[in-house]
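Since we're looking at a predicted model, the values are computed, not measured.
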Amino acid sequence: MSWEQVYEQWINDANLEETLKKQLGDLQEDPEKLEDAFYAPLEFGTAGMRGILGPGINRMNIYTVRQATEGLALFMDEQDPETRRRGVAIAYDSRHLSPEFAMEAAKTLAKHNIPTYVFESLRPTPELSFAVRYLKAFAGIMITASHNPAAYNGYKVYGEDGGQMPPADADRLTTFVRSIINPLEINVLSDEEAEHSGLIHIIGEDVDLPYLKEVKTVTINQELINEMGKELKLVYTPLHGTGKMLGEKALQQAGFEKFVIVPEQAEPDPNFRTVHSPNPEEHSAFEYAIKLGEKEDADLLIATDPDADRLGAAVRLPDGTYQVLTGNQLGALMVRYILEAHKQAGTLPENAVVLKSIVSSELPTVIAQNYQVTMLNVLTGFKFIAEKIKQFEEDHSHTFMFGFEESYGYLVKPFVRDKDAIQALVLLAEVAAYYKKQGKTLYDGLQDIFEEYGFFSEKTISVTLSGLDGPAKIKQIMNKFREQAPSSFAGVPVVQTEDFKQLTRVGLDGNMQKMTTPPSDVLKYMMEDSSWIAVRPSGTEPKIKFYIGVKADSETAATQRVAALEAAINKITND
């Protein structure tokens, strides 16, 4: 069926939701946007789906939400009755139509006689992960577009362990979603039927309190916080998202007293009116926090994204200004503190393990090795960290201490199986208190780490290629790197090439080893000077990402090496 025929289905549907019908009429004035809205279904992958709000099969709307949920219902219909009765937990963030999408999902599942547990108001993604485990639900749905701009929303599916669905289950679910030809034909309960069905349960404080009780266990050295919690000055911004309520309570119960929340960004706002993009990876997101930090003479500024699974931070420099740290730098600070604090307390297990993604810094690896702690690399996506945690619980081979991704995602305690910025908020405040007791800032702490382990520097380059030909361009670039594998970058020879799609590792001598990770469209090049480059398409956005990591004897040398590698990537990409 052509996109024009699908469009005709929508425009001629007598029951089409009124707002979408009006928007569809407006789209007729822009043929290019109209085609983009209908040329292909919104991609539903292992991380769910994410897209621009509006009418069409390539947009986020009540019909694409119903389609995704109908796929989950069909997947659950294959399970035994007892499993189905465990139901689905549903949460949503502060974006446009998030509450409506959450209820559409619940009504779709109720049509299949599947119970749901829907939060009374917006909640962070990590609490949804916790709720799945706490309620012993079969699955979870999170309505969120994470850190994307205001025009977006999204839909993520979680498995019964609280992690995003593992590949096998996700593939089966995706098959069901794609089997639904026309989302307009999906039947859901009416509002009145839903109200009297007894299948939709509203949850709130009954899950908040157990979650916060677990967050209290994130603190490692309570005596330190008892001493320094009255002195550490902290500025926190939830960037108009879900983090305020639980973040504020988590800091208070840990014992931090001198924190202030950026007032202009404290309340939920689907338009994110004070920021271009509510992404703590971007320095511009800290504009209001920096102004307040300067006024309060704050030691540390922390921001969480709209669904509070990612955390960024800015540290005070010797001249009183603030510098936004990278996700890798924050990861290194937290790994170093966790291992040192547990070592000092005598609570560092012999089989301790830290987990990170293959595109994250090698500095935490060197730190872990210094403490005789195992560092394991997993594919990008926190579900792979969650899978390892589950494995360790079953075979007792390792004790999980920390997991992180360079994209500002951290997990301290495994009562959640996804990135948890509320946990990271409490831990990073404790790390700042640790250095403040020594008369230092987190910036000083990072310099101490560099002095001890070497100057590591990383950079992530994201190239957005949206539109009809975007996916083809991304594939073309990946093929170029795969088929014309560079033998050097910026004059430094490549000594090992890893292709995570072909599962091959090729050394300088040409010998090939078979890799044991699940397949993934990622290429990684290790160079003679210990620097590395990785290339991968984004799993949730129309982007291709390049990752650079270097180690040098000085900060200047590290910065120069990153710049040289970036220039080499640009040359290969643009030739």
Side-chain angles (χ1 to χ4, degrees), residues 1-44 48-73 90 92-111 118 122 141-146 148-157 177-194 200 268-272 306 466-468 540-542:
M1 190 181 291
S2 69
W3 74 263
E4 291 95 341
Q5 289 172 307
V6 179
Y7 160 69
E8 288 295 331
Q9 271 186 344
W10 281 60
I11 198 67
N12 293 322
D13 190 301
N15 297 315
L16 191 71
E17 195 269 332
E18 284 302 318
T19 302
L20 291 175
K21 181 165 279 192
K22 181 182 182 305
Q23 291 171 341
L24 204 50
D26 295 341
L27 273 182
Q28 291 174 322
E29 307 299 318
D30 192 331
E32 190 175 322
K33 284 186 178 178
L34 186 64
E35 182 180 359
D36 189 58
F38 284 95
Y39 83 96
L42 191 61
E43 182 71 24
F44 190 93
M49 61 184 185
R50 191 180 301 176
I52 295 171
L53 290 158
I57 60 173
N58 191 35
R59 295 289 184 264
M60 283 293 299
N61 51 64
I62 62 169
Y63 301 106
T64 50
V65 167
R66 287 176 183 177
Q67 181 175 10
T69 312
E70 182 74 4
L72 176 60
I90 303 177
Y92 56 91
D93 68 6
S94 57
R95 292 179 177 275
H96 287 292
L97 298 176
S98 282
E100 290 85 349
F101 289 169
M103 197 51 65
E104 286 297 326
K107 291 190 295 183
T108 304
L109 290 164
K111 191 71 176 178
V118 185
L122 75 175
I141 296 170
M142 183 71 204
I143 306 295
T144 179
S146 190
N148 281 66
Y152 286 77
N153 211 328
Y155 181 108
K156 294 198 290 189
V157 183
V177 174
R178 291 175 179 165
S179 72
I180 300 160
I181 305 302
N182 186 358
L184 300 177
E185 295 177 348
I186 296 169
N187 292 318
V188 304
L189 292 191
S190 67
D191 290 342
E192 186 178 354
E193 288 172 331
I200 300 175
D269 175 12
N271 293 313
F272 307 112
S466 52
L468 299 178
T540 54
E541 301 169 273

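When all heavy atoms of I200 and A106 are compared, the pair lying nearest together is CD1-CB, 3.9 Å. Of all the heavy atoms in L27 and A37, the pair that sits closest is CD1-CB, 4.2 Å. Contact detail for A68 and M49: the closest heavy-atom pair is CB-CE, 3.7 Å. In this structure, I141 and A105 approach most closely via the heavy-atom pair CD1-CB, 4.1 Å.
Counting heavy atoms from C-beta on, the side chains of M60 and L42 come closer than 4.5 Å. With contacts defined as side-chain heavy-atom distances shorter than 4.5 Å, the pair Y39/I57 does not qualify. Contact annotation: the side chain of R95 approaches that of N148 to within less than 4.5 Å [non-hydrogen atoms, C-beta and beyond]. The side-chain heavy atoms of W10 and L24, taken from C-beta on, include a pair separated by under 4.5 Å. Using a 4.5 Å heavy-atom threshold, the side chains of Q28 and Y7 count as touching. Using a 4.5 Å heavy-atom threshold, the side chains of L122 and S98 count as separate. Counting heavy atoms from C-beta on, the side chains of P149 and F272 never come closer than 4.5 Å. Using a 4.5 Å cut-off on side-chain heavy atoms (C-beta onward), E193 and V188 make no contact.
Here E43 pairs with R178 under the salt bridge (charged side-chain N to carboxylate O under 4.0 Å, His left out) rule; sequence neighbours left out. Under the rule for a side chain to side chain contact (heavy atoms under 4.5 Å, CB included), the partners of E192 that lie at least two apart in sequence or sit in another chain are S190, H196.
When only modelled atom types and interatomic distance are considered, T69 and Y155 share a side-chain donor-acceptor pair under 3.5 Å. Between the side chains of N153 and T144, no donor-acceptor pair is found at a separation under 3.5 Å.
Interatomic distance, Q67 CD to S179 OG, rounded to the nearest 0.5 Å: 8.5 Å. For the atom pair OG (S2) and CD (E35), the distance works out to 10.0 Å, reported to the nearest 0.5 Å. Between atom CD1 of residue I143 and atom OG of residue S94 there is a gap of 13.0 Å, rounded to the nearest 0.5 Å. Going from atom CD1 of I90 over to atom CG of L109 covers 5.5 Å, rounded to the nearest 0.5 Å. We find the CG-OG1 distance between L16 and T19 to be 9.5 Å, quoted to the nearest 0.5 Å. Rounding to the nearest 0.5 Å places CD of E70 at 5.0 Å from CD1 of I180.
In this structure, the side chain of N61 engages the main chain of G54 through a donor-acceptor pair within 3.5 Å. In this structure, the side chain of N58 engages the main chain of D36 through a donor-acceptor pair within 3.5 Å. With hydrogens and angles disregarded, a donor-acceptor distance shorter than 3.5 Å links the side chain of N12 to the backbone of E8. Checked by atom type and distance alone, the side chain of Y63 never pairs as donor or acceptor with a backbone atom of N182 at under 3.5 Å. Looking at E29, its side chain never comes within 3.5 Å of a backbone N or O of D26 through a donor-acceptor pair.
Salt-bridge formation is not detected for the pair D13/K21: no Lys NZ or Arg NE/NH1/NH2 atom is positioned less than 4.0 Å from an Asp or Glu carboxylate oxygen.
Among E17, E104, E100, the one residue that satisfies the salt bridge (charged side-chain N to carboxylate O under 4.0 Å, His left out) test with R66 is E104.
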Please determine whether side-chain contact (heavy atoms from CB on, under 4.5 Å) holds for the pair F101 and L53, giving the CA-CA distance in whole Å, both sets of side-chain angles, and the decisive distance to 0.1 Å. CA-CA 11 Å; F101 289 169; L53 290 158; 3.7 Å; yes

